[in-house]
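From a predicted model like this one, the values you see are computed outputs, not experimental measurements. All values below were derived from every heavy atom in this structure, side-chain atoms included, with hydrogens, water molecules and symmetry-related copies excluded.
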Amino acid sequence: MQKILFSSLMMTGLLLVGCTGNRASSSLPSNPQVVTEPGTYPILKEEYSDIKLTLMGNSHASLSPDWKNNEYFKRMKELTGLDFNFDIYDWTTYGEKFPLSFLDPSSMPDVYFKSFIPKASESKYGSQGLLVPLEDLIDKYAPNLKARMAETPNIERVIKSADGHIYSLPTIHEKGDKYVSDGVFWINKKWLDNLGLQLPHTMEELRVVLNEFKTKDANNNGNPNDEKPMYLSGALELTYLYSAFGLSMLTWNSDVVDGVVKFGPEQENFKSMLKYLNGLYNDELLNRNYITLAKNQVWAEGRSGDTIGVFFDATADLVVGSRATDYVALPPLTSSIYNGPAFLSGRYAVDPGMFAISSNCKYPELAMRWIDTLYDLDYTKWGTIGKEGVEWKWDDDEQTSWSYLMDTDTITNNRTVQMGGGLPGVMLSYEGFWDKLNDPVQKQSIAE
C-alpha cells in the first residue's frame, strides 16, 4: 500500500508546500550580463549574439520535426536574438529519450520544451541537481509569468515540487483560475464483448472486468499476456476515481462535508480508496510505472496495437486513433461504501512540466527570459496559430471574429508548434478567443 499512498499523498504534499509561502533558496544565475533588461527585446545583448542553446523537444506526429526551419522559431529568433540547436523527437519516442538524456549530465540539453515531465520525474531530477530550481530566475527574469502567478496564486501551488522548488514551467489557461477536467475513462467495448462482460457501474465490477482483461485473451490475438488492463499516466489521473468513494477532492487534498472543509487523507473513505487502488497495483491491473509514465508513451502504446483495456483522456482517438470506435466512456462509478451522486473531479487549468532548464545550461537567465515571452498573450499566438496579419487576421476593428489566411495544415506543420499540446505559456481560451473563429466547422472541431 505504500506506493499508492505515496503517489496519492505526493500531490497533497505539493499543495501543502505551495500553501506555506516559504520559498526555497536557489543559486542565482552565473551569466546575467548576457541579457537585456526584463521586458525589453531583443533579450540577448548584441555582443553575445553568437550564443546558442540546445533545445530538446517533443514533436507531435502532425508537426514537422524540422524546428530549425519552423516559422515560429525564426520569428522568436528575430524577436529575442536567441537561436537554438535542436534535438527533436517524435512524440512516440520522446518518452524513451527523455530519461536517457540525464544519464550523462555533461551532454544534457540546455532546455526541455513541450517536455511533459511527470511530477515524480521532475522531483527526482530536481533533487539530483539535474534540473535548475527556477523560482529566483522567475523573480528576476520573467515579468510576464511573475505577473500571472501574482494574479493567480494556484499557479505556484500546482507547479511547486514537494521540496519547495519549482523545476518546470507550465501551460496556463488564459482564464487563470478556471477549473477543468482532462477527460474521462475509456474502456475497450470490443474486449467486453469478446469476453461476454457488461459495462461496469461500480468499482467492484470494474475490478472484476480488469482482472478478466488481464487473465484472458481479451483482444483475441492468441496471446493472453499482452493486455494492459488499466494504463494510466501520472498520479493525477487516479484522482478521477475518487468520486466513486464519495470524495470530491476538488483541490486534490481537501473535501467539503456538510459545509466543512476536511483534509481528505484523514477520512475513512480516503483510506478505503487507497486500499482499493493498492489492490489494483499489487495485482498488476494498473500499470506499475503509472507515476513516471509520460502521456505520449500512452499515446504511442495505444497506436501500436490493441493492448489497452482502460485509459484516461479527453477523447479516445487521442490514444488509439482510428480504433476509437472500439471504446466507450465509463459511466460515473460508485462503490460498496458510496452510492451517491458523482462529484466534480478535475484540476486547476495549469499543466506543469512543459519547460525545464538543465544544470548543464550555462545561461539559465537567458533561457528564462526567452520562455517568459510565451507568457505574453501576443507571442503565445505565434506558437499556437501564427502571427496576426500573416497566418490569421481579425475580421473587424471590434475583434468580434477572426479568420485564417492560409491552409491550416501548413500553419500546423511548419509555422506553429502547438499540435499535440504541451506548449509552455498561455493556453488561449475557447470562450475568449477560439469561439470567435468565423469558420463553424473549424470551431466545432476545436470545441470537441
Side-chain angles (χ1 to χ4, degrees), residues 26-58 67-68 70 72-88 98 101-102 105-117 121-122 125-126 129-149 155 159 161 165-172 352-376 379-380 382-383 417 422-426:
S26 62
S27 59
L28 291 174
S30 57
N31 293 289
Q33 72 273 11
V34 306
V35 296
T36 58
E37 285 296 313
T40 62
Y41 295 100
I43 66 173
L44 183 60
K45 291 181 180 178
E46 186 176 354
E47 58 266 36
Y48 300 101
S49 61
D50 59 338
I51 291 176
K52 276 190 176 184
L53 299 184
T54 300
L55 179 151
M56 182 176 180
N58 177 8
W67 287 13
K68 179 180 179 180
N70 188 296
Y72 167 74
F73 283 103
K74 290 182 179 179
R75 285 176 180 148
M76 285 294 287
K77 179 184 177 182
E78 182 178 352
L79 173 70
T80 67
L82 178 61
D83 198 3
F84 291 95
N85 293 312
F86 293 98
D87 189 15
I88 309 303
F98 173 76
S101 70
F102 293 96
S106 66
S107 63
M108 290 187 299
D110 293 302
V111 300
Y112 296 90
F113 184 84
K114 295 189 69 176
S115 43
F116 288 96
I117 306 174
S121 297
E122 177 184 302
Y125 298 126
L130 299 176
L131 293 179
V132 174
L134 303 178
E135 51 270 17
D136 287 344
L137 290 168
I138 294 171
D139 190 51
K140 294 190 66 174
Y141 298 105
N144 295 321
L145 175 57
K146 186 178 178 181
R148 291 188 178 276
M149 291 172 66
I155 294 173
I159 66 177
S161 290
H165 284 302
I166 297 171
Y167 293 113
S168 74
L169 300 186
T171 302
I172 301 170
M354 301 310 172
F355 180 88
I357 303 174
S358 83
S359 59
N360 198 36
C361 182
K362 296 180 180 179
Y363 306 97
E365 65 292 325
L366 182 58
M368 182 58 70
R369 280 292 318 275
W370 185 87
I371 196 62
D372 187 56
T373 304
L374 275 74
Y375 293 96
D376 180 322
Y379 299 123
T380 289
W382 284 10
V417 287
L423 182 65
V426 183

Taking Thr80 for the side chain and Ile43 for the main chain, is one N or O donor matched with an acceptor at less than 3.5 Å?
no

Contact check, side chains of Pro143 and Tyr375, non-hydrogen atoms, under 4.5 Å
no

Interatomic distance, Arg148 atom CZ to Ile172 atom CD1 [nearest 0.5 angstrom]
6.5 Å

Looking only at non-hydrogen atoms, find the nearest pair between Ile117 and Glu122 and report the distance.
CG2-N, 3.7 Å

With rounding to the nearest 0.5 angstrom, report the CZ to CE distance, Phe113 to Met56.
14.0 Å

So which heavy atom on Val417 is nearest to which on Asn70, and how close?
CG1-ND2, 3.9 Å

With a 4.5 Å cut-off on side-chain heavy atoms, are Asn360 and Ser107 touching?
no

Would you mind reporting whether Lys45 and Val34 have side-chain heavy atoms less than 4.5 Å apart?
no

Expected output: side-chain Thr171 to main-chain Leu423 donor-acceptor under 3.5 Å
yes

Identify the residue among Asp372, Asp139, Leu137 that makes a side chain to side chain contact (heavy atoms under 4.5 Å, CB included) with Leu145.
Asp372

Ser168 vs Leu131, test: side-chain contact (heavy atoms from CB on, under 4.5 Å). Steps then yes/no.
CA-CA 8 Å; Ser168 74; Leu131 293 179; over 6 Å; no

Measure across Asp110 and Thr54 and return the closest heavy-atom pair with its distance rounded to 0.1 Å.
OD2-N, 2.6 Å

How long is the straight-line distance from CG of Leu366 back to CD of Gln33, given to the nearest 0.5 Å?
11.0 Å

Begin with the C-alpha distance, continue with both residues' side-chain angles, and end with the deciding distance and a verdict on side-chain contact (heavy atoms from CB on, under 4.5 Å) for Trp370 and Leu53.
CA-CA 11 Å; Trp370 185 87; Leu53 299 184; over 6 Å; no

Closest heavy-atom pair and its distance - Ile155, Pro170:
CG2-CG, 4.4 Å

The reported gap from CD1 in Ile166 to CD1 in Ile138 (rounded to nearest 0.5 angstrom) is 4.0 Å

CA sep, side-chain torsions, deciding dist, call: Tyr41, Tyr379, ring pair (Phe, Tyr, Trp, His ring centres under 6.0 Å)
CA-CA 12 Å; Tyr41 295 100; Tyr379 299 123; 5.7 Å; yes

Evaluation steps, ring pair (Phe, Tyr, Trp, His ring centres under 6.0 Å), between Tyr112 and Phe102
CA-CA 12 Å; Tyr112 296 90; Phe102 293 96; 5.3 Å; yes

For Thr380 and Val426, which heavy atoms make the closest approach, and how far apart are they?
CG2-O, 2.7 Å

Working for side-chain contact (heavy atoms from CB on, under 4.5 Å), residues Tyr363 and Glu365
CA-CA 5 Å; Tyr363 306 97; Glu365 65 292 325; 3.4 Å; yes

Ring centroid separation for Phe86 and Phe73, is it under 6.0 angstrom?
yes

CD/Glu37: more than 12 non-hydrogen atoms of other groups inside 6.0 Å
no

Grab the two heavy atoms, one from Gly39 and one from Arg369, that are nearest each other, plus how far apart they are.
N-NH2, 3.6 Å

Test item: Arg75 side-chain N/O and Trp382 main-chain N/O as donor-acceptor pair under 3.5 Å
no

Can you tell which of Ile357, Ile159, Ile371 makes a side chain to side chain contact (heavy atoms under 4.5 Å, CB included) with Leu134?
Ile357

In Å and rounded to the nearest 0.5 Å, what is the CG to CG distance from Leu169 to Leu374?
10.5 Å

Donor-acceptor contact below 3.5 Å, side chain Asn58 vs main chain Ser115:
no

Would Ile88 and Leu55 count as a side-chain contact (heavy atoms from CB on, under 4.5 Å) if you check the C-alpha gap in whole Å, the side-chain angles of each, and the deciding distance to 0.1 Å?
CA-CA 8 Å; Ile88 309 303; Leu55 179 151; 4.0 Å; yes

Are there more than 12 heavy atoms of other residues, nucleotides or ligands under 6.0 Å from atom NZ of Lys68?
no

